[in-house]
Amino acid sequence: MSATSEPQIESHSSQSPPPIYSEAVEETTIQRTPGPAGNGKIYHDKPGERSIRFSFRPKPRMGNQHQSWFGQMDIKCDDVPLLMREGFYWTTANIIKEEGFVDNISPEQVVNLGNPNNICTVKRYWFLQDLKQPPRWTASLQIHAPNHEVISKIRFENWTTDMIQSAEA
């Protein structure tokens with residue numbers, strides 16, 4: 001190194017935002033290998049407790065008496081700060097179809113939405129997993145509704161971030 005040359009130092013003062021999920025993960029190329037029905041085994045067998053919880057309502061800015069269903073997503077994650085820095089993204093590609101199921105709520109466990117005329121009697125479960133290998137997170141999404149007709153009309157692909165009522169980590 002000559003006396004006149006100085007080492008070049010890269011500046012990291014202006015970081016670019018992370019890529020949009022659809023740019024980072026190409027959904028059309030991801031093909032999960034179908035497996036046997038597991039009834040949520042992939043979520044329940046993952047060690048650890050829930051790290052993050054989201055609560056969903058179809059109309060979160062309205063009172064419970066105006067809700068036709070409610071949902072809750074419990075996420076198990078080994079590194080919550082990393083997930084929060086990188087962003088938590090999910091699409092229909094994250095759903096493990098063989099794991100999901102619908103179940104009746106027993107009379108002893110009937111959930112009331114805050115309106116005695118709108119009692120939940122059925123639950124639908126979806127189980128999701130990170131597409132990266134090894135997966136960094138696994139989630140259980142439970143939807144509670146008054147009947148099978150309501151729950152059968154709920155489409156995961158129609159969900160938006162506006163439906164989130166609360167989040168805790």
Side-chain angles (χ1 to χ4, degrees), residues 20-22 25 27 30 32 34-35 37-132 135-169:
I20 298 171
Y21 187 73
S22 60
V25 176
E27 291 181 57
I30 297 169
R32 288 193 183 273
N39 292 337
K41 184 174 176 22
I42 198 160
Y43 175 80
H44 299 295
D45 283 356
K46 182 172 174 60
E49 298 292 318
R50 167 186 51 90
S51 308
I52 303 169
R53 173 175 282 165
F54 289 105
S55 295
F56 298 92
R57 304 284 190 276
K59 302 171 190 170
R61 289 165 185 67
M62 301 182 84
N64 284 344
Q65 68 273 16
H66 299 288
Q67 307 300 327
S68 57
W69 57 266
F70 71 94
Q72 173 179 302
M73 180 185 280
D74 292 334
I75 301 141
K76 290 183 179 180
C77 174
D78 297 327
D79 192 345
V80 174
L82 176 66
L83 188 64
M84 294 174 94
R85 278 193 306 275
E86 291 184 355
F88 178 57
Y89 303 98
W90 74 84
T91 68
T92 55
N94 296 100
I95 296 173
I96 305 166
K97 293 179 177 78
E98 297 80 20
E99 296 285 321
F101 62 96
V102 174
D103 195 14
N104 291 322
I105 300 173
S106 70
E108 300 83 35
Q109 298 176 325
V110 167
V111 179
N112 187 328
L113 291 176
N115 178 354
N117 299 320
N118 200 9
I119 294 175
C120 291
T121 62
V122 65
K123 283 192 262 190
R124 180 174 186 174
Y125 291 88
W126 275 311
F127 295 92
L128 298 88
Q129 190 173 56
D130 188 12
L131 298 174
K132 290 189 177 184
R136 296 172 300 168
W137 59 265
T138 303
S140 166
L141 176 58
Q142 307 158 37
I143 309 299
H144 302 245
N147 56 54
H148 288 274
E149 182 181 349
V150 170
I151 217 156
S152 67
K153 292 179 182 175
I154 298 170
R155 297 288 178 257
F156 188 80
E157 56 271 9
N158 296 336
W159 285 39
T160 67
T161 55
D162 294 335
M163 298 166 92
I164 297 174
Q165 181 182 18
S166 66
E168 62 182 73

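Every value quoted in this text rests on a predicted model; they were computed, and no experiment measured them. Each residue takes its place number in the sequence, starting with 1.
The shortest non-hydrogen separation linking V80 to A169 is CG1-CB, 4.4 Å. Minimum interatomic distance between A139 and M73 (heavy atoms only, all atoms of both residues): CB-CG, 4.0 Å.
Rounding to the nearest 0.5 Å places CD1 of I75 at 13.0 Å from CD of Q129. To the nearest 0.5 angstrom, F88 atom CZ is 4.5 Å from W137 atom CH2. Atoms CG and CG, from L128 and L141 in turn, are 6.5 Å apart once rounded to the nearest 0.5 Å. Taken to the nearest 0.5 Å, the CD atom of E168 stands 10.5 Å off from the CD1 atom of I52. Once rounded to the nearest 0.5 Å, the distance linking OG1 of T161 with CZ of F54 reads 10.0 Å. Residue I143 holds its CD1 atom at 9.0 Å from CZ of F156, rounded to the nearest 0.5 Å.
Residues W69 and P58 meet the side-chain proximity criterion, which asks for heavy atoms closer than 4.5 Å. The side-chain heavy atoms of F127 and F101, taken from C-beta on, include a pair separated by under 4.5 Å. Residues L83 and C77 are in side-chain contact: their nearest non-hydrogen atoms beyond the backbone lie under 4.5 Å apart. Counting only heavy atoms from C-beta outward, the side chains of N104 and H148 approach each other to under 4.5 Å.
Residue pairs meeting the salt bridge (charged side-chain N to carboxylate O under 4.0 Å, His left out) criterion with at least one partner in residues 153-165, sequence neighbours excluded, are E149-K153.
Legend: residues meeting side chain to side chain donor-acceptor pair (under 3.5 Å) with K59, ordered by chain and number and at least two apart, are absent. In terms of the side chain to side chain contact (heavy atoms under 4.5 Å, CB included) criterion, residue partners of Q142 (sequence neighbours excluded) are, by chain and number, Q72, D74, Y125, S140, H144.
Here the side chain of T121 pairs a donor or acceptor atom with the backbone of P146 at under 3.5 angstrom. In terms of modelled atom types and a separation under 3.5 Å, the side chain of Q67 and the main chain of M62 share a donor-acceptor contact.
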Practice prompt. Please lay out, stage by stage, how W126 and I154 fare under the test side chain to side chain contact (heavy atoms under 4.5 Å, CB included).
Written response: CA-CA 12 Å; W126 275 311; I154 298 170; 4.1 Å; yes
Discussion item. Assess the residue pair Q165 and R57 against the criterion (side-chain hydrogen bond (donor to acceptor under 3.5 Å, both in side chains)); give the C-alpha distance rounded to whole Å, side-chain angles, the decisive distance to 0.1 Å, and a yes or no.
Written reply: CA-CA 6 Å; Q165 181 182 18; R57 304 284 190 276; 3.1 Å; yes
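Tested against V122, the residues I105, V150, V102 include a single side-chain contact (heavy atoms from CB on, under 4.5 Å) partner, V102.
Ring geometry, W90 versus F56: the interplanar angle exceeds 60°, so the pair is classed perpendicular (tilted spans 30 to 60°).
Ion pair K123/D103 not flagged as a salt bridge, since none of the NZ, NE, NH1 or NH2 atoms sits closer than 4.0 Å to an Asp/Glu carboxylate oxygen.
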